[in-house]
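Following: one structure in structure tokens, then a few remarks.
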2 protein chains.
Amino acid sequence: MTQYSPAQVAEKTGFSIDTLRYYERIGLLHHVTRTTGGRRIFTDDDLGWLGLVRCLRDTGMPIADMLRFAELCRAGDDTVPARLELLEQHDAAVQEKIAHLRAQQRRIRDKIQWYRNTEGCQVDRSAPADRSDSAEAVSR
Amino acid sequence: MTQYSPAQVAEKTGFSIDTLRYYERIGLLHHVTRTTGGRRIFTDDDLGWLGLVRCLRDTGMPIADMLRFAELCRAGDDTVPARLELLEQHDAAVQEKIAHLRAQQRRIRDKIQWYRNTEGCQVDRSAPADRSDSAEAVSR
DNA sequence: GCTTGACCTGGAGTACACTCCAGGTGCGAT
DNA sequence: ATCGCACCTGGAGTGTACTCCAGGTCAAGC
């Protein structure tokens with residue numbers, strides 16, 4: 001079974017060594033084995049778990065929830081339904097987040113388009129009877 | 001021109017009154033007019049600007065960048081190209097964020113699927129010659 | 001044996017974006 | 001006139017997730 005030093009794990013997971021230590025301290029990383037001298041040795045299992053942690057973290061799951069998930073995992077097989085529920089809820093949250101992001105992105109693109117138009121006609125002050133269309137407002 | 005009290009603006013924008021005051025303090029909200037008694041009066045322009053702020057904030061733009069954008073807006077029409085660039089960069093960042101989110105969501109769904117399978121066959125220990133397929137790892 | 005660089009610990013510090021508080025004021029309604 | 005609520009200010013406090021530090025240890029290479 002392959003073993004990894006903290007530096008290697010940092011490299012592979014993108015978490016800093018300090019973050020790895022922090023995760024261990026708060027219990028997000030459990031019983032990491034050590035050398036006789038006290039140095040951490042990570043296994044492929046740890047890498048796998050950290051992969052999931054990264055995934056959940058990057059999708060906005062708060063650490064408290066990841067901790068809860070970790071505890072469920074440690075608590076044995078009969079927590080599988082609870083774990084599933086947690087993940088499914090999170091999946092739904094991610095789905096919503098993506099939708100919201102896309103909606104807001106549309107607004108940003110509208111704004112960009114609006115700027116492109118302004119730029120093109122260099123604020124045509126001679127336009128007759130300016131109806132002060134739709135909106136500036138948004139750019140003060 | 002319609003006017004709004006702090007409470008009304010909070011209601012319409014979803015920002016708390018404290019947040020509105022905070023935004024004014026740091027310069028994200030500029031020269032909000034006041035009554036003779038010192039109370040804030042918001043205009044439709046302010047609402048429009050706050051709409052953009054919400055949009056940028058919700059898509060993850062740090063306050064420092066929004067401040068920069070606000071300053072460009074105040075600096076006059078010749079900053080339009082700079083504003084455009086800022087928005088375009090942000091749009092690209094949002095695009096990337098969405099893509100990343102979708103990729104991670106796929107992994108979460110795989111994990112969910114993996115759990116559903118485990119659940120279904122209740123860890124079939126009698127399976128012949130388990131090749132220890134792909135991965136647990138990820139659930140410790 | 002000694003150097004050197006990666007690693008260790010406990011605890012303090014940081015960045016970001018608010019959020020809360022105490023003590024005081026403005027103003028519409030009774 | 002006075003009540004009461006929304007609002008004001010400056011400043012301190014909060015939550016989240018790290019990140020940094022001092023002072024010490026381990027172990028591979030010369």
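The sequence lines fix the lettering, A, B, ..., with proteins before strands; numbering per chain opens at 1.
Closest to the side chain of B/Thr19, from the set D/dA17, C/dT19, D/dC26, is C/dT19. The A/Pro62 side chain lies nearest to D/dA17 when the options are D/dA17, C/dC7, C/dT9. When the nucleotides C/dC7, C/dT19, D/dC18 are ranked by their closest atom to the side chain of A/Tyr22, D/dC18 comes out on top.
In this structure, B/Leu50 places its CG atom 15 Å from C1' of C/dC18, rounding to the nearest Å. As rounded to whole Å, 7 Å separates atom P of C/dC8 from atom CD1 of A/Ile17. In this structure, A/Asp18 atom CG and C/dG11 atom P are separated by 16 Å, rounded to whole Å. Rounding to whole angstrom units, CZ of residue B/Arg34 and P of D/dC7 are separated by 12 Å. The interatomic distance linking B/Arg39 (CZ) with D/dT9 (P) rounds to 10 Å, in whole Å. Rounded to whole Å, the distance from CD1 on B/Ile41 to P on D/dA6 is 18 Å. Whole-Å rounding puts the A/Leu67 CG to D/dA17 P distance at 10 Å. Between the C1' atom of C/dA17 and the CG atom of B/Leu20 lies a distance of 14 Å, rounded to the nearest Å.
For the pair B/Glu24 and A/Met61, nearest-nucleotide mapping onto DNA chain D gives the more 5' position to B/Glu24.
Scanning all heavy atoms of the two residues, the minimum distance from B/Leu72 to B/Ala82 falls at CD1-CB, 3.9 Å.
For a distance-only test at 3.5 Å, the side chain of A/Arg57 fails to qualify as a donor-acceptor partner of the base of D/dA17.
Atom CD of B/Glu11 sits in a sparse spot, with 12 or fewer heavy atoms from other residues, nucleotides or ligands closer than 6.0 Å. Remark: B/Glu96 CD is loosely packed, at most 12 non-hydrogen atoms of other residues, nucleotides or ligands lying under 6.0 Å away.
Within the nucleic acid shown, B/Arg25 comes within 4.0 Å of at least one base atom, counting heavy atoms only. Heavy atoms of A/Arg21 sit under 4.0 angstrom from at least one base atom. Residue contacts shown for B/Phe15 are absent, as no nucleic acid heavy atom lies under 4.0 Å away.
In terms of phosphate contacts, A/Ser5 brings a side-chain nitrogen or oxygen within less than 4.0 Å of OP1 or OP2 of C/dC7.
Between B/Glu24 and B/Arg34 there is a salt bridge, since a side-chain N of the basic residue sits under 4.0 Å from a carboxylate O of the acidic one. A salt bridge does not link A/Arg83 with A/Glu88: every distance from a Lys NZ or Arg NE/NH1/NH2 to an Asp or Glu carboxylate oxygen is 4.0 Å or more.
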